[in-house]
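One structure coming up, written as structure tokens, with questions to follow.
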Amino acid sequence: MIALVDVNNFYVSCQRVFEPKLMGKPVVVLSNNDGCVVARSSEAKALGIKMAAPWHQLRDFAQQEGIIARSSNYALYADMSHRVMTILSRFSPNQEIYSIDECFLSFDGLLQDHTELAQDIRRTVLQWTGLPVCVGIAPTKTLAKLANHIAKKQAPFNGVCAWQQLNPNQQDAQMQALPVGDVWGIGRRISERMAQEGIHTIADLRASNADQIRQRHSIVVQRTVHELRGIPSIELEESTPDKQQILCSRSFGQEIYTEQELGEAISTYIARAAEKLRQQGSLAGSLAVFIRTNPFRPKDPQYSQHILVPLTQASDDTLLLTRAALWVLKRIYRTGFAYAKAGVMLCDLQPRTAVQGHLFLQTADPIKRAALNKVMDDINRQWGRGSIRVASAGFNHGWKMRQNTLSPYWTTRWADLPIVR
DNA sequence: TCTGGGGTCCTATGCCGA
DNA sequence: TCTGTCGGCATAGGACCC
């Protein structure tokens, strides 16, 4: 049996833990750069605020309706996520952390009443963190996701839906009432295609011919059909595999024009990406850099370019990667454009232990370099990201992203600790 | 003025050599 | 020597997730 536990409106709920005055009010959390809405309280949803709605289009409406916005505070969400996951791990030895706000727990030969167990999970997480969660329990991951969806949307369930405790008629009724697009793994495009094939509801999909689904769609969708029938076809992944690529990209707070400024941004992103790379103990075999203008302003001259270059020898050295990235930037940079976004991608990742040496290459002393990178990581961890950095990352970041309504780092910075009277 | 960021997996396609 | 076929591989792009 598999449970899917998911925090309600996660980012908004995190903000509310430390700002109780936000309770009961329409609240939204904005993406990086305060670009668009990425989390909404139920009150905001009720006002018709759509997911991913551009914030600048909503400004007036928000003011009118008293909608409160917060810039996203990822340090806070990551810390709160860690607390929730730690608590949930007490309920089962088998946990798959699926995203920042949800995880699967598996229970072998579960004897306890499913609903009782799930309510216990809800109470514990709420009491220990202040965050509300919903729980779906079912024999497969896809059904657990569906049960969670039902628990979240239908008030009588009180935040918990144990699929096996519904009788077959109730299960059918639920599946007939829900559109196929509500199934985990069925997105907009596949829903559209299925509509043409006469598959509209989840019940339709469950009753479809799995072999034909394989033909018309893919093996992935076929697995989903099996899962809907209660046949486990998607494994629980308890260990997170190493990343195969690491990407760091940002839109700029304001447009920039010069290679110098783009270089600062690229250097900053490389530093961050390389830090992640070292954290997982990998080396990058190749590296890509991209820059682009603002596609939302089609009347402006548009330019978008990227180049992927192999590295002579795989590396996790910030200095070496920075030099390579700036070399690439020089190749793709064109004057006369207003650049809105840039990014770097580290690809062809391999374990540090399996380096292929290079017969003729002369590099800086690798042991000294590794020590240098470690010291930089240590300093930045203790004193804050960017405390020590390569000079090409610059100092006056005019391109830094907008975060006009950023809350304090309540749980991860001493100066921001809340005071309780 | 103002439209996010970070991932994965799968399939189609074209090239190459056996 | 030429031609057809097939599998392996790299790559690009589409689809999905949060």
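Chain A is the first sequence line, chain B the second, and so forth, proteins listed ahead of strands; every chain is numbered from 1.
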A:Glu261 (side chain) donor-acceptor with A:Ile256 (main chain) under 3.5 angstrom: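 The answer is no, because no donor-acceptor pair under 3.5 Å joins these two groups.
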Tell me which residues in residues 77-104 of chain A put a heavy atom below 4.0 Å from DNA chain C, sorted by number, or none.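 Output list: A:Tyr98, A:Ser99, A:Asp101, A:Glu102.
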Check this one for me: any side-chain N or O of A:Lys341 less than 4.0 Å away from OP1 or OP2 of B:dT3?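 No, outside the criterion.
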Among B:dT8, B:dC2, B:dG6, which is the nearest nucleotide to the side chain of A:Gln245?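 Of the candidates, B:dT8 comes closest.
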Among A:Arg297, A:Arg292, A:Lys341, find the one that has a salt bridge (charged side-chain N to carboxylate O under 4.0 Å, His left out) with A:Glu255.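 One option only clears the test, and that one is A:Arg297.
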Within the pair A:Gln254 and B:dC2, is there a side-chain N or O less than 4.0 Å away from OP1 or OP2?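 No.
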Selected nucleotide, minimal atom distance to A:Asn32 side chain, candidates B:dG6, B:dC2, B:dG4: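 So the side chain of A:Asn32 is nearest to B:dG4.
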A:Met51 CE - B:dT3 C1' separation (whole Å):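 Rounding to the nearest Å, CE of A:Met51 and C1' of B:dT3 are 14 Å apart.
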Where the side chain of A:Gln244 is defined as all heavy atoms beyond and including C-beta, which of B:dG6, B:dT8, B:dT11 is the nearest nucleotide?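 Minimum distance to the A:Gln244 side chain belongs to B:dT8.
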Would you please confirm or rule out a distance under 4.0 Å between OP1 or OP2 of B:dG7 and any side-chain N or O of A:Lys276?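 For A:Lys276, the contact criterion (side-chain N or O under 4.0 Å from OP1 or OP2 of B:dG7) is met.
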With heavy atoms of chain A within less than 4.0 Å as the criterion, where does contact along DNA chain C begin and end?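 Answer, 5' to 3': C:dA15 to C:dC18.
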Considering non-hydrogen atoms only, spot the tightest contact between A:Leu349 and A:Lys243 and give its length.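 Closest pair (atom of A:Leu349, atom of A:Lys243, distance): CD1-O, 3.4 Å.
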For B:dG4, take OP1 and OP2 only and decide whether either is under 4.0 Å from a side-chain N or O of A:Ser72.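 No, because none of the side-chain N or O atoms of A:Ser72 sits under 4.0 Å from OP1 or OP2 of B:dG4.
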N/O (side chain, A:Ser218) to phosphate O (OP1/OP2, B:dC9) under 4.0 Å: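 Answer is no, no contact under 4.0 Å.
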Under the criterion side-chain contact (heavy atoms from CB on, under 4.5 Å), which of A:Leu76, A:Asn73, A:Asp416 is the partner of A:Phe18?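 That would be A:Leu76.
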Can you check whether A:Tyr257 and A:Trp399 have ring centres sitting under 6.0 Å from each other?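 No, ring centres 6.0 Å or more apart.
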Could you measure between the two P atoms, the one in B:dT3 and the one in C:dC16, and give it in whole Å?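 These two P atoms come out 25 Å apart once rounded.
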Within the pair A:Arg223 and B:dC9, is there a side-chain N or O less than 4.0 Å away from OP1 or OP2?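 False: A:Arg223 side-chain N/O out of range (4.0 Å or more) of B:dC9 OP1/OP2.
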Proximal nucleotide (of B:dG6, B:dC2, B:dG5) relative to the A:Arg297 side chain: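 That would be B:dC2.
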Are the aromatic rings of A:Trp184 and A:Phe104 close, with centres under 6.0 Å apart?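 Ring-ring flag for A:Trp184/A:Phe104: true, centres closer than 6.0 Å.
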Under 6.0 Å from the ring centre and within 45 degrees of the ring axis: does the NZ or CZ of A:Arg323 meet both conditions for the six-membered ring of A:Trp327?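 Here A:Arg323 fails the 6.0 Å and 45° test against A:Trp327.
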A:Lys400 to A:Phe252, cation-pi by 6.0 Å centre distance and 45° axis angle: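 Verdict for A:Phe252: no cation-pi partner in A:Lys400.
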